[in-house]
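Single-structure report; data block below.
As the structure is a prediction and not an experimental result, all values here were calculated from the model. Both counts, for ligands and for their atoms, begin at 1 and track the order of listing. We number each residue from 1, following the sequence as shown.
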Amino acid sequence: MLYTVKGIAEIIVKGKLDITGLDKTNYEVLNSLFMTITNVNFDDGALEKQIRKMLAHRDELKKSVSVGELHDAATYSVDNRESMLAKAASVGVLATANEDVRSLRELITYGIKGMAAYAEHAKNIGKEDLEINAFIYEALAATLDDTLSVDDLIILTLKTGEYGVKVMALLDEANTSRYGHPEITEVNIGVRKNPAILISGHDLTDLEQLLEQTESTGVDVYTHSEMLPAHYYPAFKKYAHFAGNYGNAWWKQTEEFERFNGPILFTTNCIVPPRSEEVRKRIFTTGSAGFPGCKHITADENGEKDFSEIIALAKTLPVPEEIESGSIVGGFAHNQVFALADKVVEAVKSGAIKKFFVMAGCDGRMKSRGYYTEFAEKLPQDTVILTAGCAKYRYNKLNLGDIGGIPRVLDAGQCNDSYSLAVIALKLKEVFGLDDINKLPIAFNISWYEQKAVIVLLALLYLGVKNIHLGPTLPAFLSPNVAKVLVEKFGIAGIGTVDDDIKLFMNA
Ligand code: SF3
């Protein structure tokens with residue numbers, strides 16, 4: 001799939017095609033990239049179908065241009081599934097021999113995947129910026145170009161971060177213009193007594209349609225994992241049956257879905273293969289997501305989706321079993337934090353808040369991620385955690401208290417809302433009259449897991465943020481030399497023990 005869209009990118013770039021008229025190809029390229037992200041689509045049949053679709057797009061595009069020699073990615077053909085698999089095996093990551101070039105190509109490709117995911121969400125809300133699509137083509141085509149040096153690719157990596165900021169700003173604008181600005185919200189984590197549907201993933205337009213279609217049906221809707229921040233948007237508060245958030249980060253779904261009892265709709269990642277047929281039958285996918293044996297709901301030409309089958313199924317199933325009770329608070333995206341700016345600035349000036357810790361990113365099942373819970377628990381009382389992404393589930397139910405009414409865990413939203421945290425940091429820099437974002441009392445201790453998170457990191461690097469700590473392990477696709485550049489130029493570091501790291505951060 002990646003090789004094929006890289007071929008499309010090369011035809012567009014070399015043929016200097018005007019992408020304004022390529023609406024369908026532009027969207028399908030985003031969708032193809034999205035399908036390859038960690039834990040999005042496990043359905044070989046759906047992937048094969050999409051590759052064939054993209055080969056057809058590619059060959060159609062080729063007809064309209066006459067360019068000299070093209071890369072194999074733009075010209076190869078496959079007759080059947082076996083030849084497709086053989087092709088895939090010969091053009092994968094390891095086909096690039098030089099490990100530094102390979103490492104940078106992967107860094108850029110993962111960044112582009114995240115960019116594509118966020119651009120697709122924005123497009124679903126009707127917002128697009130073709131400059132971003134053009135950059136996606138430029139970067140993908142560059143990963144096929146053997147004449148580019150390591151230095152050229154480092155420059156392109158930073159440019160990917162620049163476009164990462166642009167795409168997150170675009171999605172922020174799309175979300176807030178359609179659904180309003182996130183505001184402080186208390187979200188119920190218990191259950192009611194009605195049958196219900198659980199919606200997971202990141203796509204707010206899917207949630208919007210599901211809420212509309214379930215209204216007055218007697219079926220409640222709960223969010224799961226990265227969909228939790230939807231509760232913070234004013235537009236969704238009018239739905240009385242929007243009941244709360246069920247469960248925790250994605251990796252706990254195997255047990256939690258068994259106890260939810262009702263249907264589950266995945267709009268994006270992270271899907272974990274269900275361990276029983278009973279649960280599999282209750283899982284539906286839509287958009288780029290997919291899982292073999294789970295019903296996939298497609299949109300019509302107007303983007304409308306028919307969720308009636310899911311609603312009918314919900315009515316036949318038992319109500320959710322309660323696994324937690326109480327509530328959690330979130331909604332601290334940039335607009336809401338700016339509204340509290342005076343209070344925040346005063347708390348910093350008076351010394352009531354000594355330091356902010358950006359602990360955004362992803363959660364995962366490895367034991368080593370217990371580090372983040374322990375880190376949050378052991379942080380001094382005069383610190384505040386700024387979070388986004390599903391990493392928050394490591395500490396958002398700990399009751400860490402507040403500082404003069406400011407909660408010690410401020411959740412801005414989904415992983416893409418890390419943009420909000422950057423906007424908040426830039427605003428604080430302005431308020432305090434600083435010339436460098438790194439002079440702020442903000443430390444970055446970020447956890448990563450899925451490929452989409454790479455674009456968040458590259459965006460922060462582009463904004464000039466230094467000394468980001470990344471854990472629990474540094475990405476394996478960083479070759480020693482590329483890791484060295486990141487360490488020397490940006491002060492990127494891994495994590496150590498909780499006690500040592502807290503000491504290090506507090507004294508920095
Ligand atoms: Fe989580 Fe998969 Fe990354 Fe959007 S849902 S942050 S891991």
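The closest side-chain donor-acceptor pair between Tyr27 and Asn124 falls under 3.5 angstrom. A donor atom on one side chain and an acceptor atom on the other are found under 3.5 Å apart for Lys237 and Thr185.
Among Cys270, Ala249, Ala391, Gly114, the residue whose heavy atom lies nearest to atom 2 (Fe) of ligand 1 is Cys270. Summarising the contacts of atom 3 (Fe) of ligand 1 with Gly413, Cys362, Ala117, the nearest heavy atom is found in Cys362.
Below 30°, between 30° and 60°, or above 60°: for Phe135 and Tyr163 the angle between ring planes is below 30°, a parallel geometry.
Residue Cys415 approaches ligand 1 through these ligand atoms, each under 4.0 Å from one of its heavy atoms: 4 (Fe), 6 (S). The atoms of ligand 1 that sit less than 4.0 Å from any heavy atom of Trp250 are 2 (Fe), 7 (S).
Heavy atoms of His202 found under 4.0 angstrom from ligand 1 belong exclusively to the side chain.
Considering only non-hydrogen protein atoms, atom 5 (S) of ligand 1 sits nearest to Glu226 CG, 3.5 Å.
When you scan the N, O or S atoms of Glu450 for the one nearest atom 3 (Fe) of ligand 1, you land on OE2.
A heavy-atom distance below 4.5 Å is found between the side chains of Leu457 and Ile492.
Taking 2.8 Å as the criterion, Cys390 counts as a coordinating residue of atom 1 (Fe) of ligand 1, since one of its N, O or S atoms falls below it.
Cation-pi check for Lys427 over Phe338 is met; the charged atom lies under 6.0 angstrom from the ring centroid and within 45 degrees of its normal.
Between Phe236 and Leu204, the closest heavy-atom pair is CZ-O, 4.0 Å.
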